[in-house]
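One structure is given below, encoded as structure tokens.
In the text below, chain A, chain B and the rest are named by the order of the sequence lines, each starting its count at 1.
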Amino acid sequence: EAGVAQSPRYKIIEKRQSVAFWCNPISGHATLYWYQQILGQGPKLLIQFQNNGVVDDSQLPKDRFSAERLKGVDSTLKIQPAKLEDSAVYLCASSYPLAGGGNEQFFGPGTRLTVL
Amino acid sequence: QQPVQSPQAVILREGEDAVINCSSSKALYSVHWYRQKHGEAPVFLMILLKGGEQKGHEKISASFNEKKQQSSLYLTASQLSYSGTYFCGTYSGGGADGLTFGKGTHLIIQP
């Protein structure tokens with residue numbers, strides 16, 4: 001079974017530029033998440049989609065970050081304009097529900113963003 | 001709120017045991033454990049559900065004290081491949097089931 005795919009793997013930009021990340025979840029997984037992982041910390045949830053609808057975007061800095069999942073499969077996360085503090089690894093995950101409750105989230109390899 | 005993990009770092013010799021703890025100030029529905037190696041994605045280890053059910057893929061064990069909102073991950077007879085950073089992710093219920101992760105515990109296994 002193919003895993004969660006993300007691209008690009010690395011990106012270096014100057015502050016105030018824009019950048020976009022792409023994610024293709026595991027086939028059949030209705031739920032998709034974007035997490036931000038700053039060096040030395042655990043992943044922080046930015047946004048969660050169920051099919052093509054947003055379930056939770058309470059921690060997404062909406063003045064500069066946007067995300068979409070138009071057809072309920074692939075997703076893109078955009079930052080415009082980028083700030084120095086956006087330097088992080090952006091992880092995409094997808095999940096399926098487990099019998100009896102809970103879910104197992106599968107993470108992609110991430111995109112490492114460096115803002116200069 | 002972010003769960004608190006302890007210890008922050010552990011150095012073991014191969015074959016030794018370790019316990020990693022995760023504590024939350026919120027009532028929890030589930031606790032998820034992941035291991036992340038440098039430069040790689042987090043890999044699912046185990047989920048512990050309110051009510052006692054556990055699901056995992058590897059030969060590891062864990063506990064979940066619902067009353068104290070605490071979970072512990074037990075690594076026995078450690079192997080070199082166990083090295084990495086261990087994260088607990090917590091879910092407190094509700095429609096959105098994104099996880100809140102701790103800062104991680106760095107585990108180094110020496111031969």
Quick one: closest heavy-atom pair of [X] and [Y], and the distance?
{"X": "A:D56", "Y": "B:A96", "result": "CB-CB, 3.5 Å"}
{"X": "A:P109", "Y": "B:A41", "result": "CA-CB, 4.0 Å"}
{"X": "B:F87", "Y": "A:Q37", "result": "CZ-NE2, 3.5 Å"}
{"X": "B:P42", "Y": "A:L91", "result": "CD-CD1, 4.0 Å"}

Find out if a path of hydrophobic residues (ILVMFWY) with successive side-chain heavy-atom gaps under 4.5 Å connects [X] to [Y].
{"X": "A:L45", "Y": "A:I47", "answer": "no"}
{"X": "A:V89", "Y": "A:L60", "answer": "no"}
{"X": "B:Y86", "Y": "B:L48", "answer": "yes"}
{"X": "B:F44", "Y": "A:F107", "answer": "yes"}

- Pick whichever of B:K50, B:H32, B:E40 has the most heavy-atom pairs under 4.5 Å with chain A. B:H32
- Task: Just give me the residue among B:Y34, B:Y29, B:Y91 that pairs up with chain A most often, heavy atom to heavy atom, under 4.5 Å.
- Result: B:Y34
- When only pairs under 4.5 Å are counted, which of A:G110, A:G108, A:P43 shares the most heavy-atom pairs with chain B? A:P43
- Query: Which bit of B:Q5 comes within less than 4.5 Å of chain A, counting heavy atoms only: side chain, backbone, both or neither?
  - Reply: neither
- Message: Between A:Y35 and B:L99, does the side-chain contact (heavy atoms from CB on, under 4.5 Å) criterion hold? Intermediate values first, please.
- Response: CA-CA 9 Å; A:Y35 288 88; B:L99 300 176; 3.8 Å; yes
Could you check whether atom [atom1] of [X] has more than 12 heavy atoms from other residues, nucleotides or ligands sitting under 6.0 Å from it?
{"X": "A:K62", "atom1": "NZ", "result": "yes"}
{"X": "A:L39", "atom1": "CG", "result": "no"}
{"X": "A:E85", "atom1": "CD", "result": "yes"}
{"X": "B:K37", "atom1": "NZ", "result": "yes"}

- Message: I need the A:Q105 CD to B:I47 CD1 distance, nearest 0.5 Å.
- Response: 9.0 Å
- Distance-only, no hydrogens or angles: does the A:Q48 side chain make a donor-acceptor pair with backbone N or O of B:G98 under 3.5 Å? yes
